[in-house]
Amino acid sequence: MIDNKPLMRSMMGEQIWKLMRTDPEAFKRETRDYFARGYPGWTVTKVKYPIVFLRDDRGRQT
């Protein structure tokens with residue numbers, strides 16, 4: 001089932017964005033960790049500089 005909830009847009013510091021070019025795996029890890037700390041229960045769904053799109057998974061059953 002597709003959830004039609006709107007996504008939240010957020011931003012993050014240039015320090016993490018720099019990793020996108022130099023170390024893509026570290027970029028993914030740092031991006032997930034950054035938002036896990038700041039927005040527990042939200043999942044990064046897409047990144048397009050300078051915006052990060054997050055989906056609200058709080059209370060979602062697996």
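Values below: all heavy atoms of this structure, side chains included; hydrogens, waters and symmetry mates excluded. The residues of the chain are indexed from 1 along the displayed sequence. Computed from a predicted model, the values in this text were never measured in an experiment.
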Ser10: side-chain hydrogen bond (donor to acceptor under 3.5 Å, both in side chains) partners, not counting sequence neighbours: none
Minimal non-hydrogen separation, Val44 against Phe35, with atom names: CG2-CD1, 3.9 Å
Arg9 CZ to Leu54 CG distance, which is reported to the nearest 0.5 Å: 11.5 Å
ILVMFWY cluster, Leu7 and Val52 together (side-chain gap under 4.5 Å): no
Approximate separation, where rounding is to 0.5 Å, of Met8 CE and Thr45 OG1: 10.0 Å
Under the side chain to side chain contact (heavy atoms under 4.5 Å, CB included) test, residues paired with Arg37 that sit two or more places apart: Asp33, Tyr34
Reported CZ-to-CH2 distance for the pair Arg55 and Trp42, which is rounded to 0.5 angstrom: 10.5 Å
Can you give the donor-acceptor pairs under 3.5 Å from side chains of residues 11-30 to other protein atoms, not counting sequence neighbours?
unit_1: Glu14; atom_1: OE2; unit_2: Tyr49; atom_2: OH; d: 2.6
unit_1: Trp17; atom_1: NE1; unit_2: Met12; atom_2: O; d: 3.4
unit_1: Thr22; atom_1: OG1; unit_2: Lys18; atom_2: O; d: 3.4
unit_1: Asp23; atom_1: OD1; unit_2: Ala26; atom_2: N; d: 3.2

